[in-house]
Amino acid sequence: KKQIEWVSSQNLIYDLITGGGFPKERLTEICAWEGLGKTSLLMKSHAAVQKEGKNSIFVDFEGTFNAQYAESIYGLKVDQDTFILLQPENAEQGIELLDDMLNQAEENKVPVEMVSIDSIAACKPQSLIDLAVDENGRIAIHAKTIALLVDKLRIRAKRQGFAVVLINQFRGNPASSNSYSGPNNALWAGGVNETAYCPGGNAPRYYASIRMKMEYGGQVKPSAKNLN
């Protein structure tokens, strides 16, 4: 029986909960409200991969990746060949660029350790970006795009042996009477009676081996006892 190989998240609690971090040849989905450290968790993991001299790819659909912050806090160097940062304008461009990078790696027999997508919520096709706000079909277009992305990644991950991490963000459920209930009350199975949902359709949760929900647990405030 083949043993699962892991890419460490560099977070002790996360690695203990999952059994090792992010499993290779498989997909992991991390979902949370905004500002809870999803991207920071990935920056730390990519930095560790880079320090080991291994290769990784980060697809920044949100366009918010801060290279200066990544280097100063985690030591992640964007200007090195071991870390590829893609910042596409839409889903089509992102999928094409990622395909090209993975094709080159496969042809040149360059192993890839990890591929991260930030985020599913921001990975939108140009047709959806151009759609009028009141037009129908927005959710279906997004879900079909994510299904294509996930299909490509799960096949590639199995063939090339890398870990895939999909960041996603909770959205308030308009079908619920309480569409925004805050970080600690978000549910994410997809039902109409739930207060929040993860965008992108069903494909991520069908194919993800690990689905991690991050929540706000409170602030750690300094005290005289802690300082001593």
Side-chain angles (χ1 to χ4, degrees), residues 4-88 94 97-98 101-102 105 110-123 153 156-157 160-170 183 186 188 198 204 208-222 226:
I4 296 175
E5 296 181 29
W6 300 82
V7 176
S8 173
S9 70
Q10 300 301 304
N11 181 293
L12 179 60
I13 294 175
Y14 185 96
D15 285 1
L16 287 173
I17 291 172
T18 58
F22 308 124
K24 289 186 178 182
E25 301 184 16
R26 290 167 172 78
L27 276 65
T28 298
E29 182 186 17
I30 301 174
C31 201
W33 292 103
E34 66 279 357
L36 289 183
K38 302 180 295 297
T39 302
S40 294
L41 179 69
L42 293 190
M43 284 183 181
K44 193 172 183 180
S45 185
H46 278 276
V49 168
Q50 187 179 66
K51 287 174 184 176
E52 294 175 359
K54 297 177 181 178
N55 306 293
S56 65
I57 301 172
F58 192 103
V59 188
D60 177 30
F61 282 106
E62 296 193 352
T64 58
F65 188 93
N66 189 325
Q68 185 177 358
Y69 173 83
E71 182 170 358
S72 61
I73 302 298
Y74 302 111
L76 178 59
K77 301 182 187 300
V78 179
D79 58 350
Q80 292 189 4
D81 292 340
T82 50
F83 178 74
I84 303 297
L85 174 64
L86 304 177
Q87 293 185 300
L97 289 171
L98 184 56
M101 289 291 106
L102 292 174
V110 176
V112 176
E113 192 81 355
M114 180 179 180
V115 173
S116 297
I117 305 296
D118 188 9
S119 64
I120 291 296
C123 177
L153 283 172
R156 285 280 197 173
Q160 293 179 245
F162 54 78
V164 176
V165 186
L166 309 170
I167 287 182
N168 210 341
Q169 296 177 356
F170 284 122
W188 59 320
C198 283
S209 296
I210 295 175
R211 300 186 75 217
M212 179 66 67
K213 181 173 81 168
M214 295 173 63
E215 292 185 346
Y216 177 74
Q219 291 181 323
V220 178
K221 297 182 179 180
N226 291 339

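As the structure is a prediction and not an experimental result, all values here were calculated from the model. Side chains included, hydrogens not; waters and symmetry mates left out as well; all remaining heavy atoms used. Position 1 is the first residue of the sequence; numbering continues from there.
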Could you tell me the separation between the [atom1] atom of [X] and the [atom2] atom of [Y], rounded to the nearest 0.5 Å?
X: Ile17; Y: Ser9; atom1: CD1; atom2: OG; value: 9.5 Å
X: Lys77; Y: Thr82; atom1: NZ; atom2: OG1; value: 10.0 Å
X: Ile120; Y: Cys198; atom1: CD1; atom2: SG; value: 9.5 Å
X: Phe65; Y: Asp118; atom1: CZ; atom2: CG; value: 9.0 Å
X: Ile73; Y: Gln68; atom1: CD1; atom2: CD; value: 10.0 Å
X: Ile57; Y: Ser116; atom1: CD1; atom2: OG; value: 10.0 Å

Would you name the heavy atoms of [X] and [Y] that are closest together and state the gap between them?
X: Trp6; Y: Gly19; answer: CE2-O, 3.7 Å
X: Ser45; Y: Ser8; answer: OG-O, 2.8 Å
X: Cys31; Y: Lys38; answer: C-CD, 4.4 Å
X: Glu29; Y: Arg211; answer: OE1-NE, 2.8 Å
X: Met214; Y: Leu36; answer: CE-O, 3.2 Å
X: Ile30; Y: Val165; answer: CD1-CG1, 3.8 Å

Is there side-chain contact between [X] and [Y], with heavy atoms separated by less than 4.5 Å?
X: Leu153; Y: Leu98; result: yes
X: Arg156; Y: Val164; result: no
X: Val78; Y: Glu71; result: no
X: Leu102; Y: Gln160; result: yes
X: Pro23; Y: Thr28; result: yes
X: Val115; Y: Met101; result: no
X: Lys24; Y: Met114; result: no
X: Leu42; Y: Phe58; result: yes

**OP:** For the pair Phe162 and Phe22, evaluate ring-ring contact (aromatic ring centres under 6.0 Å, His included) and give the outcome as yes or no after the intermediate values.
**Re:** CA-CA 9 Å; Phe162 54 78; Phe22 308 124; over 10 Å; no
Subject >> Donor + acceptor pair across side chains of Ser119, Glu62 (<3.5 Å) >> reply: yes
Original post:
Is Asp79 atom CG crowded by more than 12 heavy atoms from other residues, nucleotides or ligands, each under 6.0 Å away?
Top reply: yes
Original post:
More than 12 non-hydrogen atoms from neighbouring residues, nucleotides or ligands closer than 6.0 Å to CG on Leu16, yes or no?
Top reply: yes
**OP:** Fit a plane to each ring of Phe83 and His46, take the angle between them on a 0 to 90° scale, and name the class: parallel (under 30°), tilted (30 to 60°) or perpendicular (over 60°).
**Re:** perpendicular
Subject >> Parallel, tilted or perpendicular: rings of Tyr69 and Tyr74 (30°, 60°) >> reply: perpendicular
Subject >> Partner residues of Val110 under the side-chain contact (heavy atoms from CB on, under 4.5 Å) criterion, sequence neighbours left out >> reply: Asn55, Ala105, Asn108
Subject >> Verdict with supporting geometry, Lys44 and Asn11, side-chain contact (heavy atoms from CB on, under 4.5 Å) >> reply: CA-CA 8 Å; Lys44 193 172 183 180; Asn11 181 293; 5.7 Å; no
Original post:
Taking Asp60 for the side chain and Thr64 for the main chain, is one N or O donor matched with an acceptor at less than 3.5 Å?
Top reply: yes
